[in-house]
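Single-structure report; data block below.
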Amino acid sequence: MSASPATRRLLAAVLAAGALVGAAAVPAAAHDDDRRGHHGRHSSIVIGDVQHDSRDRDRDRARDNRALNREWVEVKNTGRGAVNLRGFTLTDEDGNRYRFDHLRLDGHSSVKVHTGNGRDTHRDVYQDRRHQIWDERDTATLRDDRGRVIDTESWGRRGHHDNHRR
């Protein structure tokens with residue numbers, strides 16, 4: 001059975017309209033990938049706020065667990081879906097490294113990585129260190145489970161936080 005000329009014209013018009021919509025969407029998608037950063041890959045995992053405890057850094061205070069836990073780096077999931085952070089690492093400029101183990105970060109949520117000792121929960125994890133690591137001038141670097149830089153956050157330069165998303 002062959003299609004009538006009217007049916008063929010209608011089909012051609014529908015296909016042409018679909019091609020126009022598809023062509024218009026390509027530049028928007030390309031722009032969106034550029035905005036997302038690191039080689040067109042999008043990571044919903046970013047470094048949020050940072051709290052370094054720069055007050056009274058004498059030896060006794062630096063060893064106090066409460067003071068150690070007042071310094072933290074927040075890791076945020078800005079996406080809707082949960083992300084498994086197993087194998088992700090958070091490092092400072094001196095090479096101190098925290099490796100995430102068995103943490104699933106829900107969508108639109110965050111976790112604070114504290115320096116001292118404590119009981120890990122879904123909102124707070126602890127590095128179990130005895131000395132402060134985040135200096136007044138430092139950079140936190142977040143890497144995924146393959147070692148790729150996901151995000152960095154620097155502070156103490158020019159008197160404010162400087163985001164360097166990758």
Side-chain angles (χ1 to χ4, degrees), residues 24-57 61-166:
V26 169
H31 171 73
D32 206 27
D33 284 345
D34 289 342
R35 184 176 52 83
R36 290 177 179 172
H38 193 64
H39 303 293
R41 285 187 346 95
H42 173 68
S43 176
S44 63
I45 305 300
V46 297
I47 295 174
D49 291 331
V50 174
Q51 174 62 50
H52 59 90
D53 189 13
S54 62
R55 300 169 298 186
D56 190 19
R57 297 191 80 168
R61 182 162 165 74
R63 292 176 194 254
D64 178 59
N65 196 53
R66 284 176 299 179
L68 291 174
N69 287 332
R70 276 194 294 268
E71 71 172 22
W72 45 261
V73 173
E74 178 187 44
V75 176
K76 296 173 69 171
N77 181 354
T78 62
R80 285 182 281 181
V83 175
N84 185 352
L85 296 182
R86 184 180 184 150
F88 280 53
T89 58
L90 183 65
T91 57
D92 72 344
E93 287 181 345
D94 294 329
N96 294 301
R97 183 175 74 128
Y98 173 77
R99 182 182 162 108
F100 288 90
D101 192 31
H102 303 294
L103 180 67
R104 185 174 173 89
L105 191 57
D106 291 334
H108 301 293
S109 65
S110 64
V111 62
K112 289 181 181 175
V113 180
H114 299 270
T115 299
N117 292 289
R119 184 170 170 238
D120 290 351
T121 68
H122 67 283
R123 292 189 179 250
D124 298 280
V125 295
Y126 299 85
Q127 297 188 51
D128 298 331
R129 296 186 183 271
R130 295 184 178 165
H131 300 283
Q132 293 176 316
I133 63 168
W134 303 109
D135 300 323
E136 290 180 23
R137 295 172 62 130
D138 213 336
T139 299
T141 302
L142 182 65
R143 288 183 171 82
D144 67 11
D145 59 343
R146 294 183 179 177
R148 293 180 295 214
V149 173
I150 299 297
D151 197 10
T152 62
E153 172 80 18
S154 295
W155 61 90
R157 291 154 181 85
R158 290 175 264 136
H160 64 282
H161 289 268
D162 299 320
N163 270 348
H164 299 288
R165 303 256 190 272
R166 297 203 179 178

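At a threshold of 4.5 Å between non-hydrogen side-chain atoms, the residues Arg143 and Val149 count as touching. Side-chain contact between Ser43 and Asp144 is absent, with no heavy-atom pair separated by less than 4.5 Å. No side-chain heavy atom of Val125 sits under 4.5 Å from any side-chain heavy atom of Asp101. Side chains of Asp94 and Asp135 form a contact here, defined as non-hydrogen atoms less than 4.5 Å apart. Counting only heavy atoms from C-beta outward, the side chains of Tyr98 and Val73 never approach each other to under 4.5 Å. A 4.5 Å side-chain heavy-atom check between Trp134 and Val50 finds every atom pair outside the cut-off. Asp151 places none of its side-chain heavy atoms less than 4.5 Å from the side chain of Ile45.
Atoms CD and NE2, from Gln132 and His52 in turn, are 10.5 Å apart once rounded to the nearest 0.5 Å. If you take CG on Asp138 and CH2 on Trp155, they are separated by 4.5 Å, rounding to the nearest 0.5 Å. To the nearest 0.5 angstrom, Thr78 atom OG1 is 10.0 Å from Leu105 atom CG. Here CG of Leu90 is found 12.0 Å from CD of Glu74. Values are rounded to the nearest 0.5 Å. Summarising the geometry, atom CZ belonging to Arg80 is positioned 14.5 Å from atom CG belonging to Asp106; distances are rounded to the nearest 0.5 Å. How far CG of Leu85 is from CG of Leu103: 5.0 Å, rounded to the nearest 0.5 Å.
No option in Arg70, Glu71, His131 other than Glu71 meets the side-chain hydrogen bond (donor to acceptor under 3.5 Å, both in side chains) test with Thr115. Screening Leu142, Thr141, Val46 against Thr152 for a side chain to side chain contact (heavy atoms under 4.5 Å, CB included) leaves a single residue, Thr141.
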For this session: Tell me, with the steps shown, if Ile133 and Gln127 meet side-chain contact (heavy atoms from CB on, under 4.5 Å).
Result: CA-CA 10 Å; Ile133 63 168; Gln127 297 188 51; 3.5 Å; yes
For this session: For side-chain contact (heavy atoms from CB on, under 4.5 Å), just list the numbers for Leu68 and Arg129, CA-CA rounded to whole Å, side-chain angles, deciding distance to a tenth of an Å, and then say yes or no.
Result: CA-CA 8 Å; Leu68 291 174; Arg129 296 186 183 271; 5.6 Å; no
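Among all heavy-atom pairs drawn from Lys76 and Gly48, the shortest one is CD-CA, 3.6 Å. Nearest approach of Gly118 to Asp128, heavy atoms of both residues: N-OD1, 3.9 Å. Of all heavy-atom pairs spanning Phe100 and Val75, the tightest one is CZ-CG2, 3.9 Å. A pairwise comparison of heavy atoms in Thr139 and Ser154 identifies OG1-OG, 2.7 Å as the closest pair. Taking each heavy atom of Trp72 and Asp49 in turn, the nearest pair found is CZ3-O, 3.5 Å. Of all heavy-atom pairs between Arg137 and Gly156, the closest is CG-O, 3.4 Å.
Remark: the backbone N or O of Arg86 is paired with a side-chain donor or acceptor of Asn84 at under 3.5 angstrom. In this structure a side-chain-to-backbone donor-acceptor pair under 3.5 Å is present from Asn65 to Asn117.
Using a cut-off of 4.0 Å between Lys/Arg side-chain N and Asp/Glu carboxylate O, Asp64 and Arg66 are scored as salt-bridged.
Ser109 and Asn77 form no side-chain donor-acceptor contact under 3.5 Å, judged by distance and modelled atom types alone.
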